[in-house]
S.K.: 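Take this structure first; my questions come after.
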Amino acid sequence: MKNKKRILFLGLVLFIIALFSILPKHVGRFFYWNFADLNDHKKFPKLEIQKGNNTFKFFEPNRNEEFDIPESFSRKDSYENLDQFLEAKETVAFLVVRNDTLIYENYFSDYDKASVIPSFSVAKTFVSALVGIAIDEGYIYSTSQTITFFLEELSNPGFDKITIEDLLNMRSGIDFDEGYYSPFADMAKYYYGTDLEDYIKNLKVKEVPNLSYDYISVNTLLLSLIVERATNTKLTRYCQEKLWKPMGMEFDASWSIDSEDNQTIKSFCCLNARARDFAKFGRLYLNKGNWNGKQLVPEKWVSKSTSIINDSRDSQNYPYTYQWRVLENGAYFAKGVLGQYIVVFPEKNLIFVRMGKNYADVDWADFCLEIAKKL
């Protein structure tokens with residue numbers, strides 16, 4: 001009996017090994033690593049983004065300000081204070097900056113100010129900024145340029161009608177399955193796969209561009225490839241020289257790539273950095289692209305990126321423009337899966353950063369908005 005069970009077990013193991021040997025590599029990675037988590041920056045190879053010699057630091061008071069938990073978020077459960085609420089909602093970092101002062105900064109689950117946190121789709125807003133810079137520097141003529149001017153390998157019908165602006169607004173009409181829970185969706189292939197530039201050759205168009213909003217990460221990947229080819233510079237290097245060093249980031253960062261061989265940057269996600277440095281990116285946009293007197297991102301680009309320019313709206317009905325989402329009262333935010341947020345409130349000079357293990361059923365943009373109203 002024991003021998004029979006052993007044979008059955010070995011047979012099952014051999015079957016699984018055989019199955020994984022014939023499945024695409026990204027499918028095996030999906031099952032092995034499963035859904036994205038805060039350790040993803042350790043799983044993939046990456047390219048470094050170095051900080052400069054001059055570091056900008058927010059002013060740090062001796063203690064955090066005390067905030068009441070917005071009533072609409074505390075009805076179901078009882079929490080003694082904001083710290084308890086944040087920890088219960090699987091937050092690892094929460095920062096509030098007002099007038100260049102860290103009025104609140106706290107970390108949970110053994111994270112601290114030096115902990116690397118993957119940004120997931122918050123990275124898309126960095127790509128958007130780099131597109132704006134490349135246009136301002138003359139490497140790209142305008143957002144009305146068709147993407148095939150830079151990406152000749154997109155030879156299937158319809159791509160010659162798609163513009164850079166269509167990619168920025170998630171209105172490209174490209175056929176792409178963004179599903180995060182299926183190993184056979186396009187998103188799994190692009191997230192766990194090892195040859196992104198080869199994958200895009202097989203993309204197809206499902207509808208004419210600018211017809212409707214469809215949030216697909218491949219749009220951002222194409223934007224980053226356009227920036228690289230237009231500037232003849234790796235995206236990480238361009239980010240380092242145009243943003244990371246000029247902003248006086250406190251730490252080095254990294255951007256995950258598909259493989260050591262191909263080194264295509266996973267620009268639609270996977271910018272790995274610290275919470276304080278993400279807050280500095282919020283400060284850059286709060287100041288309309290100007291950093292202590294130097295215009296890093298064109299002011300017109302920031303203004304358009306944070307305005308409502310069409311009927312694009314995400315699943316929570318937030319207007320979507322140039323890889324940013326827009327709130328009420330002129331506020332706007334960057335958002336990543338697992339509940340990574342940079343939220344900016346120009347009216348009150350406020351910046352929020354929330355990083356977490358997941359959303360924990362909280363609309364963090366609305367949560368920050370409710371706190372901002374009382375400050």
Side-chain angles (χ1 to χ4, degrees), residues 21-30 36 44-47 121 123-124 126-128 130-131 134 139-141 143-180 182-238 255-271 323:
S21 69
I22 62 174
L23 287 173
K25 187 173 183 178
H26 73 270
V27 176
R29 283 182 160 195
F30 180 93
F44 304 109
K46 51 189 172 287
L47 298 178
S121 287
K124 291 179 169 71
F126 284 79
V127 174
S128 173
L130 295 172
V131 172
Y139 293 110
I140 299 171
Y141 177 68
T143 57
S144 63
Q145 271 191 284
T146 57
I147 65 175
T148 50
F149 182 85
F150 301 97
L151 305 171
E152 295 180 356
E153 65 266 47
L154 298 181
S155 57
N156 283 328
F159 280 99
D160 58 338
K161 301 294 191 295
I162 300 172
T163 67
I164 291 172
E165 179 138 327
D166 295 327
L167 298 180
L168 286 163
N169 288 324
M170 297 290 178
R171 301 173 72 90
S172 66
I174 295 172
D175 189 7
F176 188 88
D177 185 352
E178 186 74 8
Y180 297 121
S182 169
F184 303 105
D186 292 316
M187 190 65 248
K189 181 177 182 179
Y190 279 63
Y191 192 70
Y192 292 107
T194 57
D195 196 348
L196 292 175
E197 292 202 47
D198 185 57
Y199 302 159
I200 67 170
K201 297 174 184 176
N202 297 314
L203 288 170
K204 294 181 179 179
V205 174
K206 66 178 179 180
E207 64 182 26
V208 296
N210 202 27
L211 182 65
S212 62
Y213 170 83
D214 185 19
Y215 182 94
I216 51 174
S217 290
V218 72
N219 286 335
T220 312
L221 173 64
L222 298 180
L223 284 171
S224 66
L225 292 174
I226 288 170
V227 170
E228 288 190 338
R229 295 182 188 185
T231 63
N232 196 30
T233 307
K234 202 69 178 174
L235 192 74
T236 42
R237 168 69 71 168
Y238 202 56
W255 219 320
S256 299
I257 55 177
D258 57 356
S259 64
E260 292 286 3
D261 291 334
N262 297 307
Q263 297 198 356
T264 303
I265 296 166
K266 299 201 293 184
S267 57
F268 49 87
C269 65
C270 313
L271 175 60
Q323 316 282 293

S.K.: How about T163 and T143: do any of their side-chain heavy atoms sit closer than 4.5 Å?
M.R.: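 They are not in contact (no side-chain heavy atoms under 4.5 Å apart), so the answer is no.
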
S.K.: From L235 CG over to I226 CD1, what is the distance, rounded to the nearest 0.5 angstrom?
M.R.: 12.0 Å

S.K.: Tell me every residue that passes side-chain hydrogen bond (donor to acceptor under 3.5 Å, both in side chains) with N262, counting only those two or more places apart in sequence or in another chain.
M.R.: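 For N262, the residues satisfying side-chain hydrogen bond (donor to acceptor under 3.5 Å, both in side chains) (neighbours in sequence not counted) are S259.
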
S.K.: Check for a donor-acceptor pair, side chain of Q145 on one end and backbone N or O of I164 on the other, with a separation under 3.5 Å.
M.R.: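 No, Q145 side chain to I164 backbone: no donor-acceptor pair under 3.5 Å.
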
S.K.: Side-chain contact test, heavy atoms from C-beta onward, threshold under 4.5 Å: evaluate it for V227 versus V131 and give yes or no.
M.R.: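 Heavy-atom side-chain distance check passes, below 4.5 Å.
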
S.K.: Can you tell if the side chain of Q323 reaches within under 4.5 Å of the side chain of T220, non-hydrogen atoms only?
M.R.: yes

S.K.: Only counting residues at least two apart or in another chain, list the ones meeting ring pair (Phe, Tyr, Trp, His ring centres under 6.0 Å) with F176.
M.R.: Y190

S.K.: Should D186 and V218 be marked as a side chain to side chain contact (heavy atoms under 4.5 Å, CB included) after you check the CA-CA gap, both sets of side-chain angles, and the distance that decides it?
M.R.: CA-CA 9 Å; D186 292 316; V218 72; over 6 Å; no

S.K.: CD1 of I265 to OG of S224: how many Å apart, nearest 0.5 Å?
M.R.: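 If we round to the nearest 0.5 Å, I265:CD1 and S224:OG are 7.0 Å apart.
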
S.K.: Would Y215 and S121 count as a side-chain hydrogen bond (donor to acceptor under 3.5 Å, both in side chains) here? Give the steps.
M.R.: CA-CA 11 Å; Y215 182 94; S121 287; 3.0 Å; yes

S.K.: Could you list the residues that satisfy ring pair (Phe, Tyr, Trp, His ring centres under 6.0 Å) with F149, not counting sequence neighbours?
M.R.: none

S.K.: Tell me whether the count of non-hydrogen atoms from other residues, nucleotides or ligands lying under 6.0 Å of NZ in K234 goes above 12.
M.R.: yes

S.K.: Please determine whether the number of non-hydrogen atoms from other residues, nucleotides or ligands lying under 6.0 Å from atom CZ of R237 exceeds 12.
M.R.: no

S.K.: Is it true that Y238 and F126 have ring centroids separated by less than 6.0 Å?
M.R.: no

S.K.: Looking at CG of N156 and NZ of K204, how far apart are the two atoms once the value is rounded to the nearest 0.5 Å?
M.R.: 6.5 Å

S.K.: Which residue, N219, D214, N210, forms the side chain to side chain donor-acceptor pair (under 3.5 Å) with R171?
M.R.: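 Only one option passes, and that is N210.
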
